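This report concerns only the one structure given below.
Below, all heavy atoms of this structure are taken into account, side chains as well, without hydrogens, waters or symmetry copies. Bear in mind that the values here come from a model prediction, so they are computed numbers and not experimental data.
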Amino acid sequence: MNLALKIKNIFTNNNGIYGSPRIRIILNNQGLEVSQTKVARIMKIFKLYSIIRVKKMYRKPKEIKTITHGPNYVNRNWSIFLKNECWVTDVSYIPLIKSLLI
């Protein structure tokens, strides 16, 4: 059987997914020693182009961080007329351990 016909048969039997590297492996397993470039050249002559499959990216799911807030001691109970009655700062950058909040 002609090499071009074998390449066409392998290509059509695999739904046009196989390219020259895989077809070369199949032909070598059948006992035909053929280079990949020769298979690619024959495929190009007969316009046999494999379907390019896009690999699906696996992304690890992100951890859901639970935000824990400390107790609200101030609770907005201050007077706007008294100076230095209540000093407030943002400490949200400090990680809190849940057992400390209890």
Give the table of side-chain donor-acceptor pairs shorter than 3.5 Å for residues 10-24, with sequence neighbours excluded, one pair per line with atom names and distance.
| unit_1 | atom_1 | unit_2 | atom_2 | d |
| --- | --- | --- | --- | --- |
| Thr12 | OG1 | Lys8 | O | 3.0 |
| Thr12 | OG1 | Asn9 | O | 3.1 |
| Asn13 | ND2 | Asn9 | O | 3.1 |
| Asn14 | ND2 | Ile10 | O | 2.8 |

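Considering only residues two or more places apart in sequence or on other chains, Asn29 meets the side chain to side chain donor-acceptor pair (under 3.5 Å) condition with none of them.
Between the CG atom in Leu3 and the CD1 atom in Ile7 there is a gap of 4.0 Å [rounded to 0.5 Å]. Going from atom NZ of Lys6 over to atom CG of Leu27 covers 7.0 Å, rounded to the nearest 0.5 Å. Atom CG of residue Leu32 and atom CD1 of residue Ile26 lie 12.0 Å apart, to the nearest 0.5 angstrom.
Sorted by first and then second residue, the pairs that involve residues 30-43 and meet side chain to side chain donor-acceptor pair (under 3.5 Å), not counting sequence neighbours, are Ser35-Thr37.
The hydrophobic cluster containing Phe46 also contains Val39, counting ILVMFWY residues as joined when their side-chain heavy atoms lie under 4.5 angstrom apart, directly or transitively. Residues Met43 and Ile45 share a single hydrophobic cluster, defined by chaining ILVMFWY side chains whose heavy atoms lie under 4.5 Å apart.
Residue-environment remark: CD1 (Ile52) stays at or below the threshold of 12 foreign heavy atoms within 6.0 Å.
Looking only at side-chain heavy atoms (C-beta outward), Tyr58 and Lys56 stay at 4.5 Å or farther from each other.
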